[in-house]
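Okay, so here's the structure we're looking at.
Here is how names work: the chains are called A, B, and so on, in the same order as the sequence lines, proteins then strands, and each is numbered from 1. Predicted, not measured: the structure shown is a model, and the values here were computed from it.
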Amino acid sequence: MTEIKADASLDCKGLLCPKPMVEMFKKMRGLIPGQILEVLSDDELAKKNIPDWCTKTGNEYLGFTEENKLLRFFVKKRA
Amino acid sequence: MDSPVSVPNPVAAPVAAPAPATDGAAAAANKVTLIVFSGDMDKVWAAFNIANGAAASGMDVTMFFTFWGLKILKREDRHPKGDNWMTKMFLFMTRGGLHSLKLSNLHRGGMGKWMMEKMAKAKNVASLEEMLKDAVDLGVKIYGCEVSTRILGITREDLLDCVEIRGIATVIKEATGSTPFFI
């Protein structure tokens with residue numbers, strides 16, 4: 001995946017469902033449409049949860065990167 | 001003699017055709033309604049999980065606390081007085097608020113609950129208190145059942161600030177077209 005520049009970052013490491021969703025929702029409120037949020041997680045289930053959350057909320061899921069079990073998700077705020 | 005009133009045979013009555021399927025989820029309102037009847041800690045925990053997950057997905061969420069569920073909304077810094085000896089006795093038996101809930105299973109005089117809370121904390125799972133705070137922050141509507149408060153002799157002042165006392169009309173209004181949960 002090509003390098004994506006995030007406008008904001010959210011650390012969800014160690015958080016369990018549904019806390020990351022709650023935190024993402026709160027963080028998204030502070031962004032303007034088109035801005036990109038980076039979410040850090042160490043939860044395998046986030047690979048399913050974050051795209052599903054994006055489908056439901058209409059935000060754009062851009063993908064994730066993975067290194068040393070650290071997952072980095074990128075979500076673009078909807079218009 | 002034939003009865004002048006025809007009584008339809010319930011067995012032979014034609015089955016009503018199912019309502020035509022609308023465009024699936026897209027047609028349903030983006031709403032969730034939870035009726036929280038239980039005052040069991042684990043069940044209420046699950047209720048808040050669903051509520052907060054739905055609210056964090058941009059859904060409009062209503063939680064209606066009735067009967068035993070009302071206990072969660074009681075302020076812990078004051079004890080409701082009740083309005084007669086029976087409500088006084090009942091309120092004494094159900095004293096406490098959010099922190100006094102029991103597990104529906106394996107409570108074991110508080111030992112099970114203590115362990116459950118410790119395990120959840122070790123795994124970074126939010127406590128009931130945090131979940132209620134999140135719910136309010138996410139705009140989840142927290143309603144207390146008016147009839148339950150009347151029966152128990154609980155007043156508005158006995159409940160948390162985030163609570164609005166409402167009746168079934170509100171619940172039905174909110175539940176129409178929403179995804180309902182009864183817990």
Side-chain angles (χ1 to χ4, degrees), chain A residues 6-62 64 68-79, chain B residues 23-34 36 41-63 115-142 162 177-179 181 183:
Chain A
D7 299 289
S9 183
L10 178 67
D11 187 354
C12 289
K13 290 196 293 289
L15 297 184
L16 284 187
C17 182
K19 196 71 183 165
M21 276 166 92
V22 173
E23 294 304 321
M24 277 172 76
F25 187 80
K26 286 188 199 167
K27 195 86 182 174
M28 274 295 197
R29 287 199 291 214
L31 299 185
I32 55 169
Q35 282 192 319
I36 294 171
L37 174 66
E38 168 197 56
V39 183
L40 308 181
S41 171
D42 50 8
D43 183 8
E44 275 294 308
L45 196 65
K47 290 179 188 172
K48 298 265 184 236
N49 276 343
I50 294 180
D52 283 349
W53 181 81
C54 289
T55 307
K56 180 69 192 167
T57 55
N59 293 301
E60 193 186 339
Y61 177 62
L62 303 175
F64 71 94
N68 301 328
K69 299 217 165 165
L70 175 67
L71 300 165
R72 227 176 257 274
F73 294 88
F74 296 94
V75 177
K76 191 182 198 173
K77 179 158 174 158
R78 61 180 286 181
Chain B
D23 210 34
N30 206 19
K31 274 162 71 171
V32 170
T33 311
L34 295 106
V36 185
M41 181 229 193
D42 38 9
K43 294 182 187 179
V44 175
W45 212 348
F48 274 111
N49 246 302
I50 299 168
N52 288 358
S57 301
M59 298 181 84
D60 185 6
V61 184
T62 301
M63 295 180 92
M115 283 176 71
M116 179 63 77
E117 280 180 336
K118 209 145 173 85
M119 290 188 294
K121 199 168 179 193
K123 300 282 159 63
N124 237 337
V125 176
S127 67
L128 258 188
E129 196 178 6
E130 289 171 73
M131 296 193 101
L132 174 61
K133 214 171 140 267
D134 277 339
V136 172
D137 191 27
L138 293 174
V140 171
K141 282 168 269 179
I142 310 281
C162 59
S178 81
T179 306
F181 291 89
I183 295 167

**OP:** Using atom types as modelled and distance alone, determine if a side-chain donor or acceptor of N124(B) lies under 3.5 Å from a backbone N or O of G14(A).
**Re:** yes
Original post:
Would a distance-only check, ignoring hydrogens and angles, find a side-chain to backbone donor-acceptor pair under 3.5 Å from W53(A) to G53(B)?
Top reply: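 Answer holds: no.
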**OP:** Mark yes when over 12 heavy atoms from residues, nucleotides or ligands other than E129(B) sit less than 6.0 Å from its CD; otherwise mark no.
**Re:**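 No, because the 6.0 Å sphere around CD of E129(B) holds 12 heavy atoms or fewer from other groups.
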Original post:
Would the number of heavy atoms belonging to other residues, nucleotides or ligands and lying under 6.0 Å from NZ of K47(A) be above 12?
Top reply: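 Yes, the 6.0 Å shell around NZ holds more than 12 heavy atoms from other groups.
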Original post:
Which heavy-atom pair separates D137(B) from K26(A) by the least distance, and what is that distance?
Top reply: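 Between these two residues, the closest heavy atoms are OD2-CE, 3.0 Å.
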Original post:
In terms of heavy-atom proximity below 4.5 Å to chain B, should C54(A) be classed as side chain, backbone, both, or neither?
Top reply: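 Neither; nothing under 4.5 Å.
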Original post:
Hey, are N30(B) and K56(A) close enough side-chain-wise for a donor-acceptor pair under 3.5 Å?
Top reply: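 Yes, N30(B) and K56(A) have a side-chain donor paired with an acceptor closer than 3.5 Å.
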Original post:
Is there side-chain contact between M24(A) and S57(B), with at least one heavy-atom pair below 4.5 Å?
Top reply: no
**OP:** Hey, could you give me the CD/CG distance between E23(A) and D134(B), rounded to the nearest 0.5 Å?
**Re:** 6.5 Å
Original post:
How far does CG of N49(B) sit from CE of M21(A), to the nearest 0.5 angstrom?
Top reply: 9.5 Å
